[in-house]
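We name chains A, B, ... by the order of the sequence lines, and we start the count at 1 in each one.
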There are 2 protein chains.
Amino acid sequence: MEKKIFNKFLKERGQRVTKERAVILQKTFSYHGHFDPESLYLRIRETGLKASRASVYRTLNLLCECGLIERVTKTERGTLYEHTFGHGHHDHMLCIGCGSIIEFYSEDLERLQDNLCRKQDFKGVTHTLEIRGYCKRCQKNKK
Amino acid sequence: MEKKIFNKFLKERGQRVTKERAVILQKTFSYHGHFDPESLYLRIRETGLKASRASVYRTLNLLCECGLIERVTKTERGTLYEHTFGHGHHDHMLCIGCGSIIEFYSEDLERLQDNLCRKQDFKGVTHTLEIRGYCKRCQKNKK
DNA sequence: TTGAAATTGAGAATCAATCTCAAATATGGA
DNA sequence: TCCATATTTGAGATTGATTCTCAATTTCAA
Ligand SMILES: [Mn+2]
Ligand SMILES: [Mn+2]
Ligand SMILES: [Zn+2]
Ligand SMILES: [Zn+2]
């Protein structure tokens with residue numbers, strides 16, 4: 001399914017459907033959570049498949065443009081991605097203490113953002129809401 | 001005022017109040033909008049003052065920890081900062097077309113986030129909401 | 001099957017940010 | 001004021017994620 005979408009996207013832009021892009025797409029969707037480009041690259045090599053780092057980065061950018069995946073966050077240790085196709089859109093709470101990530105979704109929040117955009121004559125396309133703080137466990141440990 | 005706060009922060013951590021830190025703090029607050037470390041560094045040199053790049057980066061991190069400034073966004077071309085002390089908290093809309101940034105604040109949005117955190121037993125400390133899309137002007141130009 | 005155009009990959013390049021460590025400095029006490 | 005010492009500074013090196021280069025390979029419409 002995601003393969004159909006990606007290939008269609010490529011065709012429309014006069015770009016080509018290659019083995020490497022197929023491999024990268026497939027392995028991207030083998031992740032159920034967040035992942036970074038380097039570990040995706042290693043996962044590809046582990047399975048005996050082939051695609052270079054350069055192609056991994058290039059293809060991740062294409063997959064973002066195409067809307068199948070999203071950048072979750074850009075930390076000092078690189079970028080985290082996740083696929084959005086199949087998973088609904090959601091936002092993240094990041095624990096400063098232990099690094100754990102809570103995913104959440106709120107219809108109210110989405111609606112409110114739409115209203116705010118309208119108020120500014122801004123046409124929202126995507127957004128990232130990242131709430132940093134302390135998860136339940138880390139709050140306890142502090143005491 | 002911000003100087004008082006910063007010095008108190010340093011003292012509490014057993015860190016020292018140095019000329020370089022004072023210069024960097026002062027020039028940081030000479031910006032009324034967003035800025036990046038390199039241009040802050042250049043602005044310092046232009047005025048004949050001195051502080052190395054290393055100290056600029058180190059001090060910006062301290063100022064973040066201390067809460068006087070915040071990271072606005074981490075782009076491919078580096079990190080943008082702004083001071084929060086004196087300015088109220090706000091979030092950003094980023095135009096994909098022209099790079100312009102709209103600042104906005106919504107009491108409803110803040111309240112809603114608090115509720116969402118409570119629901120997850122998460123203790124929110126800071127957050128970043130970045131809405132990417134097209135500003136008024138870029139919407140027109142597209143047609 | 002062909003050929004123009006797109007893509008790939010190994011390694012080089014880029015560049016923000018951090019690190020190194022000897023020299024300089026801040027600070028609390030004598 | 002002077003001292004002892006822990007902290008900070010800065011020039012340049014280093015790191016590390018990401019992008020770039022470009023010759024060789026591959027795609028795909030005709
Ligand atoms: Mn997620
Ligand atoms: Mn701002
Ligand atoms: Zn935690
Ligand atoms: Zn614009």
Side-chain angles (χ1 to χ4, degrees), chain A residues 3 6-28 34-45 47-66 69-81, chain B residues 3-4 6-28 34-45 47-66 69-82:
Chain A
K3 189 161 185 182
F6 190 39
N7 290 353
K8 182 158 174 281
F9 169 84
L10 290 171
K11 287 267 169 63
E12 283 173 4
R13 309 201 340 167
Q15 296 196 266
R16 293 179 179 172
V17 176
T18 66
K19 292 178 185 61
E20 288 79 3
R21 285 174 177 163
V23 166
I24 293 164
L25 174 68
Q26 185 218 314
K27 286 299 170 197
T28 287
H34 303 162
F35 66 92
D36 63 276
E38 181 64 15
S39 62
L40 171 59
Y41 168 71
L42 293 175
R43 183 176 284 202
I44 287 169
R45 309 221 82 196
T47 17
L49 298 169
K50 81 178 236 308
S52 65
R53 272 193 189 82
S55 287
V56 167
Y57 278 99
R58 283 186 290 231
T59 304
L60 286 174
N61 286 336
L62 286 175
L63 290 170
C64 279
E65 289 181 55
C66 153
I69 70 174
E70 268 180 21
R71 292 185 179 83
V72 175
T73 188
K74 208 167 229 171
T75 72
E76 37 291 333
R77 278 161 212 79
T79 306
L80 284 186
Y81 293 86
Chain B
K3 189 162 184 182
K4 278 241 168 64
F6 190 39
N7 290 354
K8 182 159 174 280
F9 170 84
L10 290 171
K11 288 268 169 62
E12 283 173 2
R13 311 202 337 170
Q15 297 196 263
R16 293 178 179 173
V17 176
T18 67
K19 291 178 185 62
E20 288 79 2
R21 284 174 177 162
V23 166
I24 293 164
L25 174 69
Q26 185 218 314
K27 286 298 169 196
T28 288
H34 304 162
F35 66 92
D36 62 276
E38 179 65 15
S39 62
L40 171 59
Y41 169 72
L42 293 175
R43 182 175 286 201
I44 288 169
R45 311 221 81 198
T47 19
L49 298 169
K50 82 179 234 308
S52 65
R53 273 193 188 80
S55 287
V56 167
Y57 278 102
R58 283 186 290 232
T59 304
L60 286 175
N61 286 337
L62 287 174
L63 291 170
C64 278
E65 289 180 55
C66 154
I69 70 173
E70 268 180 20
R71 292 184 180 84
V72 174
T73 187
K74 209 165 230 170
T75 70
E76 37 292 332
R77 278 161 212 78
T79 306
L80 284 186
Y81 293 86
E82 70 186 343

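Here D:dT19 presents its C1' atom at 11 Å from CZ of B:Arg77, a figure rounded to the nearest Å. The distance between atom CD1 of B:Ile24 and atom P of D:dT8, rounded to the nearest whole Å, is 13 Å. The distance from atom CD of A:Glu38 to atom P of D:dT15 is 16 Å, rounded to the nearest whole Å. Distance NZ (A:Lys50) to P (C:dT8): 9 Å, rounded to an integer number of Å. The NZ-P distance, from A:Lys11 to D:dT27, rounds to 13 Å in whole Å. If you take CG of B:Leu62 and C1' of C:dT18, they are 14 Å apart, rounded to a whole angstrom. Atom P of nucleotide D:dA17 and atom OH of A:Tyr57 are separated by 6 Å, given to the nearest angstrom. Following rounding to the nearest Å, A:Arg21 (CZ) and C:dT7 (C1') show an atom-to-atom distance of 6 Å.
Contact between A:Thr75 and B:Lys74 at its shortest, heavy atoms only, is C-NZ, 3.9 Å. Nearest approach of B:Ile44 to B:Lys27, heavy atoms of both residues: CG1-CG, 3.6 Å. Minimum interatomic distance between B:Pro37 and B:Thr79 (heavy atoms only, all atoms of both residues): CD-O, 3.4 Å. For B:Leu10 against B:Arg16, the heavy-atom pair with the smallest separation is CD1-O, 3.7 Å. Residues A:Tyr81 and A:Cys64 come closest through the heavy atom pair CE2-SG, 3.6 Å.
Dashed line: the shortest gap from a side-chain N or O of B:Lys19 to OP1 or OP2 of D:dT8 is not under 4.0 Å. Between A:Ser55 and the phosphate of C:dT7, there is no side-chain N or O to OP1/OP2 separation shorter than 4.0 Å. Between C:dT18 and B:Asn61, a contact under 4.0 Å exists linking OP1 or OP2 to a side-chain N or O. OP1 or OP2 of D:dT18 sits under 4.0 Å from a side-chain N or O of A:Thr79.
No N or O donor and acceptor, one from the side chain of B:Arg53 and one from the base of D:dA11, sit under 3.5 Å apart. Interface remark: the B:Arg16 side chain does form a donor-acceptor pair with the D:dA6 base, using a distance-only criterion of under 3.5 Å.
Where A:Ala54 and B:Ala54 meet DNA chain D, the nucleotide closest to each residue was compared, and B:Ala54 sits on the side nearer the 5' end. Closest-nucleotide positions on DNA chain C for B:Arg58 and A:Tyr41 were compared, and the one nearer the 5' end corresponds to A:Tyr41. Comparing B:Tyr81 and B:Gln15 by the nucleotide of DNA chain C that holds the closest heavy atom to each, the one mapping nearer the 5' end is B:Tyr81.
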